[in-house]
Novice: 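Dropping the structure in here first, questions after.
A, B, ... follow the sequence lines: proteins, then strands. Residue 1 opens every chain. Here the structure is a predicted model, which means the values were calculated and not measured.
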Amino acid sequence: MNKWVLKGLKTGIKTTLYPDKEETSPGISPGLPQGKQTMGDEAQVVSRCPTQALNHIKDMISVDYRRCIHCFRCLRGIHNPVDWDKGYEWAVSIKEIDDASRMLGKAFDHSLHIRFVDGGACGACISEIEQINKPYYNIHRLGFFITPTPREADVLLVAGPVTDHMRLPIEKAYDAMPAPKRVIAIGTCAISGGIFGPSFASEGGISNLIPADIVVPGCPPPPLSIIHGLLLVVSRKPSASLTSPKSTEGERPHD
Amino acid sequence: MEEPLNKTVKLINLPETIASRWHSKVRVSLYPEKFICLIECNTDVLVEVCNWLFSELRYRFASLVVEDQPEKWLLRYIFYGALERGQVHILCQLSKTEKIVPSISNVIHAADWHEREAEDLFGLAFEEHPRLGDFILHEEWPEGVNPMRTEFDSLKPYVHREVDPEWKPVRIVQTPGAFMMPIGPVYSDFAESAHFLLETVGEDVIRTIPRLFYKYRGVEKIAERKSVEHVILLAERFSGTSAFAHSLAFCQAVEDIAGVEVPERAKSLRILMAELERFRHHIAAIAGICSSTAMAVPTSQASILEEELLRLSCALTGHRYLFGLNIPGGLSIDFDNDILKNLAATINDVLQKLSELKEMLCFSSSFLDRLEEVGTISREQAVSYGLVGPIARASNMIRDLRKVLPYSGYEKVDFIVPCEQEGDGYARLRVLFSEAEQSAQIINQVAFSLPSGPVVSPVFPIVHGSSLGWVEAPRGAAFHWVRLGEDGKVARYRLTTPSFTNWHGFHLAAEDFAFQDFPIIMATFGLSNAECYR
């Protein structure tokens, strides 16, 4: 079996330096659209958005990241596209921690156990969550561990619009977790139902079932965004904004 | 090995043969330009005609499409054959008062799940079907709720039924000490939701009962009455790891309805992207197999290649899983020819590393011990269940839609369809490796012979009609049936996915095995639940 050891050593270290250093390799993130000042002829770009993530608010085009599904329709095939930012620190803390049973103390900073539950994810979110445990991202170095049982988990990652049939299993998994516990919604489907719901078959997001306190937008969110979400849980990174520009937060027409 | 061909069977000869056999009982029309033979018949000869197509002419069952129309039920049985045999569609009309259809699954076992689905979602009864009842909808759905019916409101949440907590499925194995081991729906590290009941007497598992559809999102239902631009987002996002293949199948269907010719450059680029997706999918599947056997280093090696391909896809197209590329009529962006040549060179580097990995794995005895003779599926079983994709090809059943019903210009591409004889886990692994090699080879071929011109057709008229789109997705044959209504909105969208077809045959591989082989059988199948449940 020596050959495998040698093979592994010869490959060297592939892991990103994030969060100590910014990751700049090409292709780590699809990016997100950025809000901007209206110039007068943007009706087209707003109407092209299939999920109403783009809205006119005052004199701005505001982007709601809870709804964006990376369809690129505000970028491609039009005269006045909005800018896309290739960043990845997208995770947002949406709920003030008001109760001791959700407060993760200092001891969790470098020892956090994570359980993933699939609430109807399309496979891309799952694949991206898998990547965080693989050589390029390797969350072990940050003191984060994937655990197969909710009974050992501090954080529940939920992806997908939460289908009807998964309601009970997710509730059971959440109840089985010891306090303090936190919930992260991974991807647009888990935040707002995305393209799938709410409908007769899905809840339209995890928050309609159990309270999520951190959301990671994206369709799917790239691995670095998911890591940002985990770092946010233990307060090792600051929160991003749900909308762009930030000033339009809470001013959504259909809230 | 393809089944011995009866050389006289050709699509163009079918109408004559059928007319001499069933006379006025059936009406046959031939669409030579689409390579489709349409047979309209009543339910009384349905089983007979299906049996003749399947058993004598060796057509394969592709899909059953049920349509709920104002005055009638429309049942369309789709068959496809090798090379010059094209597609055969059998169309049955039923008045709304009739709800009983003869079951064809006693002669064509591949239709079993299609009929169960139609029974569950439409409320049609299939006469003589051995096993109907809760299938896609679990116990908490009240009886008589049929979400695919036109009158069902897809937006309204429905009232759940109380489930008996003591409910247990029937046990088959009845020896002393036998018990049923449940796995899922939340299990393992990153597993997709599914539930398995392993009937076991300790170490040995006798049989496995999968309970699926935990992630049923009603994609076919929520697509109804939506515009084509909206439904393509669903086609892309219902199975994210094969997004390009499925959006391509959907686009091909609507392009056929609209009569739009896709520019040559877009066709070639679509092949290139589809193969890039297949290449990445197969490497991810190989990583999954290594991981299931607890081989840490090869898992890491394959995972490194997978992430490199994801980054490459994103740097090239803007999205790591190729979302947002396909649009009706072509592609949303064009690429520089030199960038694509560089892509081909990078793919060759990745292939080189993959071949080194293959070489090392094939000489690791502890790895081979876990794969060989595990989860074996014979050729007869594969034919009877109509399995598709790498799983079927590992059981010596070559049928690849890129060869059989070429689309998007695959007839001009030179490649082989790898196959293996044994049908076990190791055969499936080798097929994945060989197909990845072929994909890399196709990418190289296409990247250096790209035609110039536009990548999207300038006009896309809104029309009504129906058509079938198909692709060989990374996991196997996928068929998308699309009907556009008078207003140009989607009236019916039927998805037949390779994971649906192959999950049907999963229990064959998961019989009489040792407990610790379960994750390995799952990994060598490499199926996507999202793709199956829809």
Novice: What option among B/Asp189, B/Leu137, B/Leu234 has the most heavy-atom pairs under 4.5 Å with chain A?
Specialist: B/Asp189
Novice: Looking at B/Ser188, B/Ser365, B/Ser528, B/Ala287, which has the largest count of heavy-atom pairs under 4.5 Å with chain A?
Specialist: B/Ser188
Novice: Does any heavy atom of chain A fall under 4.5 Å from the side chain of B/Ser227, the backbone, both, or neither of them?
Specialist: neither
Novice: Measure distances from A/Arg48 to the heavy atoms of chain B and classify the residue's part below 4.5 Å as side chain, backbone, both or neither.
Specialist: neither
Novice: Using non-hydrogen atoms and a 4.5 Å limit, figure out which bit of A/Gln131 sits close to chain B: side chain, backbone, both or neither.
Specialist: side chain
Novice: Quick check for you: among B/Lys221, B/Glu192, B/Lys353, B/Glu307, which has the greatest number of heavy-atom pairs under 4.5 Å with chain A?
Specialist: B/Glu307
Novice: Side chain, backbone, both or neither: which part of B/Glu229 has a heavy atom under 4.5 Å from chain A?
Specialist: both
Novice: Side chain, backbone, both or neither: which part of B/Leu309 has an atom under 4.5 Å from a heavy atom of chain A?
Specialist: neither
Novice: Under a 4.5 Å heavy-atom cut-off, does chain B meet the side chain of A/Pro135, its backbone, both or neither?
Specialist: side chain
Novice: By a 4.5 Å heavy-atom criterion (distance strictly below it), what part of B/Phe363 contacts chain A: side chain, backbone, both, or neither?
Specialist: both
Novice: Taking every non-hydrogen pair under 4.5 Å, which of B/Ala191, B/Ser193, B/Gly218, B/Ala315 racks up the most with chain A?
Specialist: B/Ser193
Novice: Could you tell me which residues in residues 141-159 of chain A have at least one non-hydrogen atom under 4.5 Å from a non-hydrogen atom of chain B, sorted by residue number?
Specialist: A/Ile146, A/Thr147, A/Pro148
Novice: Under a 3.5 Å cutoff, is there a donor and acceptor pairing between the side chains of A/Glu23 and A/Ser25?
Specialist: yes
Novice: Could you check which of A/Gly160, A/Gly31, A/Ser127, A/Pro50 has the highest count of heavy-atom pairs closer than 4.5 Å to chain B?
Specialist: A/Ser127
Novice: Among A/Leu75, A/Ile170, A/Asp118, which has the most heavy-atom pairs under 4.5 Å with chain B?
Specialist: A/Asp118
Novice: Please state whether the side chain, the backbone, both or neither of B/Val219 comes within less than 4.5 Å of a heavy atom of chain A.
Specialist: side chain
Novice: Which residue out of B/Gly324, B/Pro185, B/Pro298, B/Pro147 racks up the most heavy-atom pairs below 4.5 Å with chain A?
Specialist: B/Pro298
Novice: Chain A: which of B/Thr241, B/Val456, B/Leu316 shares the most heavy-atom pairs with it under 4.5 Å?
Specialist: B/Thr241
Novice: Give a yes or no answer on whether the side chain of B/Asp153 reaches the backbone of B/Leu155 with a donor-acceptor pair at less than 3.5 Å.
Specialist: yes
Novice: Top residue by heavy-atom pair count (under 4.5 Å) with chain B, among A/Asp164, A/Ile129, A/Val162, A/Ile126?
Specialist: A/Asp164
Novice: Flag the one option from A/Cys189, A/Cys219, A/Pro222, A/Ser202 with the top tally of heavy-atom pairs under 4.5 Å to chain B.
Specialist: A/Cys219
Novice: Identify the residues of residues 8-15 of chain A whose heavy atoms come closer than 4.5 Å to a heavy atom of chain B, ordered by number, or report 'none'.
Specialist: A/Gly8, A/Thr11, A/Lys14
Novice: Is a donor from one side chain sitting under 3.5 angstrom from an acceptor on the other, for A/Ser29 and A/Trp90?
Specialist: no
Novice: Look at A/Lys134, A/Lys172, A/Glu128 and state which one has the largest set of heavy-atom pairs under 4.5 Å with chain B.
Specialist: A/Glu128
Novice: Determine the option with the most heavy-atom pairs under 4.5 angstrom with chain B, choosing from A/Ala121, A/Pro223, A/Cys71.
Specialist: A/Ala121
Novice: Partners of B/Asp334 by salt bridge (Lys or Arg N to Asp or Glu O under 4.0 Å), sequence neighbours excluded?
Specialist: B/Arg265
Novice: Against chain A, label B/Tyr214 side chain, backbone, both or neither, depending on which of its atoms sit under 4.5 Å from a heavy atom there.
Specialist: both
Novice: With side chains defined as the heavy atoms from C-beta onward, is the minimum distance between B/Gln352 and B/Asp349 less than 4.5 Å?
Specialist: no
Novice: Against chain A, label B/Glu531 side chain, backbone, both or neither, depending on which of its atoms sit under 4.5 Å from a heavy atom there.
Specialist: neither
Novice: Any sub-3.5 Å donor-acceptor pair from A/His228's side-chain atoms to A/Ala91's backbone N or O?
Specialist: yes
Novice: With only heavy atoms counted, which part of B/Phe152 is less than 4.5 Å from chain A, the side chain, the backbone, both or neither?
Specialist: side chain
Novice: Taking only residues two or more places apart in sequence or in another chain, which ones pass ring pair (Phe, Tyr, Trp, His ring centres under 6.0 Å) with A/Tyr137?
Specialist: none
